[in-house]
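Got a structure for you, questions after.
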Amino acid sequence: MKNKKEIENFLDENFGYNFKLETKAKSELLLNVLFFIVVFILIFYGAKLTILDFKKNIKISESHYYYTIPFFPARGNIISADNFTLAENKFGFDLIIDLVILRSKREIFEETVNFLEQIGILKEEREITKKDLEEKIKKQSQIILRNIGEEKAFLIKNRQLPSLIVIENFIRSYPYPEVFSHVLGTLKLENNSYIGASGLEKSYDNFLLGSLGYKKYLRNARGEIIKEIEEKGSKQGFHLKTTINFRLQKIIFEEFEKFSKENEIKKGAIIFMDKDGRILSLLSFPSFDNNLFTKFLTDKKEVEKLKNILQSKDSPLYNRATLGIYLPGSTIKPLVGVAGLELGKINKEDRILSTGKILLKNPYSGKIYVFKDWKEGGHGLVNIEEAIKESVNTFFYLLGEKIGAENILNFYKKILLNQPTGIDIEEKSGFLPDKLSFLGDIFNISIGQGKIGLTPLRLVLMMESLVLNKISRPFLVEKIIDNEGNVVFERKPEVILDNIFSEKNLKIIKKGMELVVSEGFGKILIPFSVAGKTGTPQAGESINGIFVGYFPRENPQYFFVVLLENSKLWSLSAIRLTYNILNRAFKEGIFE
């Protein structure tokens, strides 16, 4: 037999061990024995817990479970510039359906379902049905129904079913819903929380939302609370201080409502903005009740009202002020005028003969197209100021031809007609063609017809560029305030573009717009020192009426647009409604 040293060398060479065949100390052997005993005990009890006591542990986990009741936060308030609350919160009631209890006993399930059907919570036309319960009971521990109403909450509390838990919470409330509907916007239910879906509620949702609270319990299978584990209170969101003037917005809403009934006008948009871009009022018609989007509807009248809003051909949810794309019509003519002056294609004294129409022959088909003035027989010889005052189509047809297709599009782009305005709610950009291929296209776009579309808000900014030689970024929220009253954000006025045109040329254009009121169609507005431009664009078979203006003439502080769809009296209706609004606003001291 090989000696010990030889064996050690063999193992070391063949297996890489530094192997020592030595006798171990007695104390080391004892430690090894103890180690194996401990390992054996742990393995035995592990097996017992996982295998032998499996049924017992399952029984314990089914009879005791954690249950969390959420506390949804109050959204931040939205306040007008003159400190009226436009969006707030009131106490409401949420319903939690405990699916753990429902699946424990069939009789509890049936009793709960029957009761919820009786009080109108479970119905086929509602957002939750009996079938929904049967499907969700297999996968979820609870169903939460938000803002079920005080009457339903009272009935559920009195019935005292262990499967139904009513908790007090907050419900969004709009005190003046239809007046501010498009500015404030709507909410939608997502993952049991009401979040912003449109308007300021959407744009500032992260600030308004707040933080969720909850209570966590340990309960048994009968729904009895064994003990409370944890509690965290909800925290209200931040508040918005807007630029909206409550009294002006209310006046405009009331005057439009009255005017629409008298003149059969349903749709339109009205905006007032100050010289720094603050939106003082923004309305789109028809309006709607925001409160219908903040709760679980069971009342038949409310359900029907919401259904009518969603299915209406007049699209009341559509914010025409920032999303509506319209032909600008003759409101574009002052911009074409300043383009002609800037490029030296015309001067203040130049006159163009208006005979009532221009005939244009298609060089390919030979077809004759007639481009008319609105006035039969024409306006005679007119200069640029008179052409703006009288809105002479033929003057701007021929001026557009002189300017040229590329130049006219460049001037439209120069004041960002095809760009978003940057306002802090959803909006659409206007559109312009990539090119104007035919002379007829130039004629049309020179009077705001054809391949051009702008939002009412963009028309306001266009007017600002022609009067103050700048373009502001319009905004609706001036401050964001936390729950301790600290201002965490304050928006400062921002000029996007300035020194766009020659002041000398703008003076000529402004004179023409002053004449629109002092000698033209807008004479009834003389008491308010208003200037501006009318527009009567034809959209299909209907004609819209537009008046875009500013005041006071001597020191412009405010800009506005009044746009009425399908106006029987064309722009005269817009002028009349403007008068009604300003007459009340000045009497009530809004514009001092």
Side-chain angles (χ1 to χ4, degrees), residues 265-271 284-285 314-315 318-337 339 369-374 387-388 391-397 399-400 403 405 408-409 411-413 415-421 427-463 465-466 513 516 521 532-549 560-575 577:
I265 293 173
K266 294 181 179 180
K267 297 178 282 187
I270 301 174
I271 303 170
S284 175
F285 301 96
D314 294 329
S315 305
Y318 195 65
N319 186 356
R320 289 169 165 81
T322 60
L323 296 173
I325 301 294
Y326 297 92
L327 292 166
S330 295
T331 63
I332 206 80
K333 289 174 180 175
L335 178 57
V336 177
Y369 292 91
V370 181
F371 291 84
K372 297 180 179 180
D373 266 319
W374 63 267
I388 292 173
S391 201
V392 182
N393 285 348
T394 48
F395 181 97
F396 290 98
Y397 292 149
L399 180 56
I403 293 169
I408 203 166
L409 288 178
F411 265 83
Y412 285 5
K413 291 173 183 177
I415 64 163
L416 313 177
L417 294 190
N418 60 334
Q419 300 294 319
T421 68
E427 66 168 329
K428 284 185 179 177
S429 302
F431 72 83
L432 297 171
D434 294 327
K435 62 179 181 177
L436 299 169
S437 302
F438 304 104
L439 182 56
D441 294 333
I442 297 175
F443 281 7
N444 277 328
I445 208 166
S446 298
I447 64 164
Q449 292 284 157
K451 300 173 183 179
I452 182 172
L454 305 176
T455 64
L457 180 57
R458 178 52 76 184
L459 291 178
V460 174
L461 297 177
M462 180 182 72
M463 182 58 67
S465 72
L466 296 170
M513 293 193 290
V516 170
F521 299 117
K533 185 67 189 79
T534 56
T536 55
Q538 185 168 351
E541 295 183 359
S542 67
I543 294 178
N544 297 334
I546 309 174
F547 186 63
V548 189
F560 65 89
V561 61
V562 175
L563 186 152
L564 305 175
E565 291 187 28
N566 199 16
S567 171
K568 292 181 179 179
L569 294 176
W570 303 357
S571 60
L572 294 179
S573 292
I575 290 172
L577 181 53

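Here the structure is a predicted model, which means the values were calculated and not measured. In this chain, residues are counted from 1 in sequence order. Note that these values count all heavy atoms, side chains included, but never hydrogens, waters or copies made by symmetry.
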Exercise for the section: Verify, without hydrogens or angle tests, whether Asn418 (side chain) and Gly430 (backbone) share a donor-acceptor contact under 3.5 angstrom. Expected result: no
Handout entry: For Asp373, all residues meeting side chain to side chain donor-acceptor pair (under 3.5 Å), sequence neighbours excluded
Key = Ser354, Thr394
Handout entry: Test side chain to side chain contact (heavy atoms under 4.5 Å, CB included) applied to Lys428 - qualifying residues, sequence neighbours left out
Key = Tyr318, Leu323, Ile325
Handout entry: With sequence neighbours excluded, residues passing side chain to side chain contact (heavy atoms under 4.5 Å, CB included) with Lys266
Key = Asp314
Completion exercise
Contacts of Arg458 meeting salt bridge (Lys or Arg N to Asp or Glu O under 4.0 Å) (sequence neighbours excluded), chain-then-number -> none
Completion exercise
Across all chains, not counting sequence neighbours, the ring pair (Phe, Tyr, Trp, His ring centres under 6.0 Å) partners of Phe443 are Phe371, Tyr397
Problem - Which atom of Lys372 lies closest to which atom of Val370, heavy atoms considered - result: CG-CG1, 3.7 Å
Practice task
Evaluate the ring pair (Phe, Tyr, Trp, His ring centres under 6.0 Å) criterion for residues Phe396 and Trp374: first the C-alpha distance (whole Å), next the side-chain angles of each, then the deciding distance (0.1 Å), finally the verdict.
Solution key: CA-CA 13 Å; Phe396 290 98; Trp374 63 267; over 10 Å; no
Practice task
For Glu427, check salt bridge (Lys or Arg N to Asp or Glu O under 4.0 Å) against everything at least two apart and list the hits.
Solution key: none
Handout entry: salt bridge (Lys or Arg N to Asp or Glu O under 4.0 Å) partners of Lys413, counting only residues at least two apart
Key = none
Exercise for the section: Report the residues that fulfil side chain to side chain contact (heavy atoms under 4.5 Å, CB included) with Ala321, sequence neighbours left out, ordered by chain and then residue number. Expected result: Ala269, Ile271, Leu282, Asn319
Could you list the donor-acceptor pairs under 3.5 angstrom formed by side chains in residues 433-440, with sequence neighbours left out?
none

List the atom pairs, donor and acceptor, that lie under 3.5 Å between side-chain atoms in residues 536-548 and the rest of the protein, sequence neighbours left out.
unit_1 : atom_1 : unit_2 : atom_2 : d
Gln538 : NE2    : Gly540 : O      : 3.3
Ser542 : OG     : Ala539 : O      : 3.1
Asn544 : OD1    : Asn566 : N      : 3.0

Handout entry: Non-neighbouring partners of Lys533 that pass side chain to side chain donor-acceptor pair (under 3.5 Å), sequence neighbours left out
Key = Ser391
